[in-house]
2 protein chains.
Amino acid sequence: MTEMGGAVAALGAEIAVEAVDPAGAGSLHEEILGKLRRFLVEGSLPDGARIPERTLCESFGISRTPLREALKVLAAEGLVELLPNRGARVRSYTETDIRELFEVMGGLEALAGRLACENITDAEIAAVEKLHYEMYASYMRRDLPSYFKLNQLIHKAIVDAARNATLAVTYDNFATRLQRVRYNANRENHKDRWGEAMREHEQILDALQRRSGVELNDILYRHLMNKQAAALRYRHDHPAQAAD
Amino acid sequence: MTEMGGAVAALGAEIAVEAVDPAGAGSLHEEILGKLRRFLVEGSLPDGARIPERTLCESFGISRTPLREALKVLAAEGLVELLPNRGARVRSYTETDIRELFEVMGGLEALAGRLACENITDAEIAAVEKLHYEMYASYMRRDLPSYFKLNQLIHKAIVDAARNATLAVTYDNFATRLQRVRYNANRENHKDRWGEAMREHEQILDALQRRSGVELNDILYRHLMNKQAAALRYRHDHPAQAAD
DNA sequence: GGATGGCATTTTGCATTTATTTTTGGCTGG
DNA sequence: CCAGCCAAAAATAAATGCAAAATGCCATCC
């Protein structure tokens with residue numbers, strides 16, 4: 001397994017850098033958990049790569065116990081898979097997995113939209129409007145990174161307005177898994193759908209302003225389904241590093 | 001902490017019984033995980049009870065390492081909460097938590113219904129019909145346990161028909177958390193709503209037969225919201241062992 | 001008499017050690 | 001020369017041991 005030697009070395013470097021910032025909370029294993037999660041999301045390790053715990057322990061400068069605990073949690077979160085007596089692998093998402101993830105995200109966002117319409121304040125709607133127009137400006141400027149950032153903030157604002165912490169946590173969990181996928185599929189693929197997505201966001205804002213729960217529910221679900229279709233289309237056109 | 005001595009003793013007994021049945025998969029910590037989860041769901045430990053790991057280790061007859069790993073996973077699943085340097089407690093669901101759980105379940109079931117309408121086969125619809133009429137028979141017989149069992153099977157059938165394993169796993173996770181709540185709130189409270197629930201299930205079957213995704217989506221969500229209202233109403237009338 | 005500070009006990013968190021399983025390399029037999 | 005098997009090495013899983021943090025208790029001081 002030399003193919004990931006470089007990646008593990010990179011991991012070591014990453015840790016050296018992040019050791020400065022007091023990332024985690026109190027306990028060591030939570031700190032490790034956060035670092036590992038971030039590392040996996042950023043896609044620095046190829047899909048399906050084995051995660052030799054001994055090597056990682058040396059990189060992190062810790063013992064194997066807290067690392068194993070962190071891996072168990074990450075497995076429960078769906079970012080790694082644990083093969084009995086054979087260690088951990090980076091979970092490789094098949095096309096089916098990706099389809100399913102988008103569907104669940106669609107259901108969660110739809111729920112968030114419905115609840116948000118029941119609970120959102122005028123001030124929060126104004127804040128979303130602001131984000132929306134900033135995002136539109138980014139769209140006109142063809143500033144993709146800014147667009148993505150604002151896009152994320154809008155969706156997060158809707159989830160927050162749903163007043164449901166359990167939903168927010170679950171949403172974050174799935175968003176994290178999808179990020180792992182999205183980092184692989186380069187963001188370029190979004191350009192195909194950019195105009196369409198922008199129009200959908202107009203509808204999202206409109207439904208939110210009118211506090212129409214059922215409409216926002218439906219729009220957000222279809223919005224995610226369109227994202228899904230685009231992602232799968234991209235994957236078919238670029239089966240480069242696919243690991244199905 | 002003598003208040004839970006009896007409960008832990010009961011735990012020990014439980015394990016002795018279950019040690020016979022080959023519950024878990026291969027690895028020891030997964031076996032422990034399953035046992036602990038089942039034990040927590042059954043509500044044998046009071047809300048907020050401390051879980052001293054040393055005591056549990058003796059009960060299970062294992063070392064602390066696999067137990068700690070299992071506890072970390074259960075914390076990620078939301079069944080226990082880990083206080084840094086202060087061990088694990090049984091997570092006590094506040095009224096807000098319960099409200100949130102029902103909302104998320106509503107979103108997930110709604111999604112399942114929508115997807116099921118797109119994917120379900122005629123044979124599967126026939127199977128649901130069969131379950132439905134059996135459930136109706138149980139309703140007429142006032143056979144609550146049978147009714148509950150069939151009710152669960154119908155909802156499970158819809159989730160399975162959604163053809164989304166990720167959704168199914170997530171659904172199970174939340175269903176487990178709610179079971180922990182439901183075991184506390186005695187099932188008697190359902191009798192208030194029994195007729196109403198039965199009528200809702202007529203609509204569910206109808207929408208499924210017509211494969212009307214948007215309708216089933218909405219019906220299932222409202223179905224869960226009515227369950228939520230009933231559960232919270234019960235909780236208000238019976239604040240017995242409430243641990244808010 | 002009440003409150004505060006220090007000490008002892010208990011409990012958790014991490015590291016180290018031991019054992020079991022898997023894998024790989026080499027060897028032997030066909 | 002290839003296939004199957006055995007053995008050694010490596011990796012993982014579990015257990016134990018050690019150190020640090022927290023809680024409870026007691027004594028002393030105000």
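Here the structure is a predicted model, which is why all the values come from computation and not from measurement. First the proteins, then the strands, lettered A, B, ... as listed; each starts at 1.
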**Q** When you get a sec, tell me which of D:dA11, C:dC14, C:dT21 is the closest nucleotide to the side chain of A:E69?
**A**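 Minimum distance to the A:E69 side chain belongs to C:dC14.
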**Q** Could you check how far CZ of A:R64 sits from C1' of C:dT17, rounded to whole Å?
**A**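 Whole-Å distance recorded here is 11 Å.
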**Q** How close or far is atom C1' of C:dT16 from atom CZ of A:R54, stated in whole angstroms?
**A**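 Checked: the CZ to C1' distance equals 13 Å.
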**Q** Does NZ or CZ of A:R114 lie under 6.0 Å from the centre of the six-membered ring of B:Y221, at an angle within 45° of the ring axis?
**A**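 Geometry flag: set, cation within 6.0 Å and 45°.
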**Q** Ion pair present between B:R180 and B:E42, side-chain N to carboxylate O less than 4.0 angstrom?
**A**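 No, B:R180 and B:E42 are not salt-bridged.
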**Q** When we call it a touch if two heavy atoms are under 4.0 Å apart, what does A:R86 touch: a base, just sugar-phosphate, or nothing?
**A**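 Sugar-phosphate only.
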**Q** Give a yes or no on whether a salt bridge exists between A:K35 and A:E31, defined as a side-chain N under 4.0 angstrom from a carboxylate O.
**A**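 Looking at A:K35 and A:E31, the cut-off is met.
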**Q** Whole Å only: how far is the CG atom of A:L82 from the P atom of D:dA14?
**A**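 From A:L82 CG to D:dA14 P: 11 Å.
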**Q** Mind calculating the distance between CZ (B:R68) and P (D:dA13) to the nearest angstrom?
**A**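 Rounded to whole Å, this separation is 17 Å.
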**Q** Would you kindly give the NZ-to-C1' distance between A:K72 and D:dA13, to the nearest whole Å?
**A**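 Distance check: A:K72 NZ to D:dA13 C1' gives 8 Å.
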**Q** Taking 4.0 Å as the cut-off, does a side-chain nitrogen or oxygen of A:T65 come that near to OP1 or OP2 on C:dC14?
**A**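 Answer is no, no contact under 4.0 Å.
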**Q** Round to the nearest Å and state the distance from A:N85 atom CG to C:dT24 atom P.
**A**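 Computing the A:N85:CG to C:dT24:P distance gives 15 Å.
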**Q** So, A:S59 side chain and A:T55 main chain: donor-acceptor pair closer than 3.5 Å or not?
**A**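 Flag set: sc A:S59 to bb A:T55 pair under 3.5 Å.
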**Q** Round to a whole Å and report the spacing from CZ of A:R50 to C1' of C:dT24.
**A**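 About 12 Å, once rounded to whole Å.
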**Q** A:L71 has an atom CG; how far is it from atom P of D:dA13, in whole Å?
**A**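 In whole Å, D:dA13 P and A:L71 CG are 9 Å from each other.
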**Q** Return the nearest nucleotide to the side chain of A:P66; candidates are D:dT12, C:dC14, D:dA15.
**A**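 Output: C:dC14.
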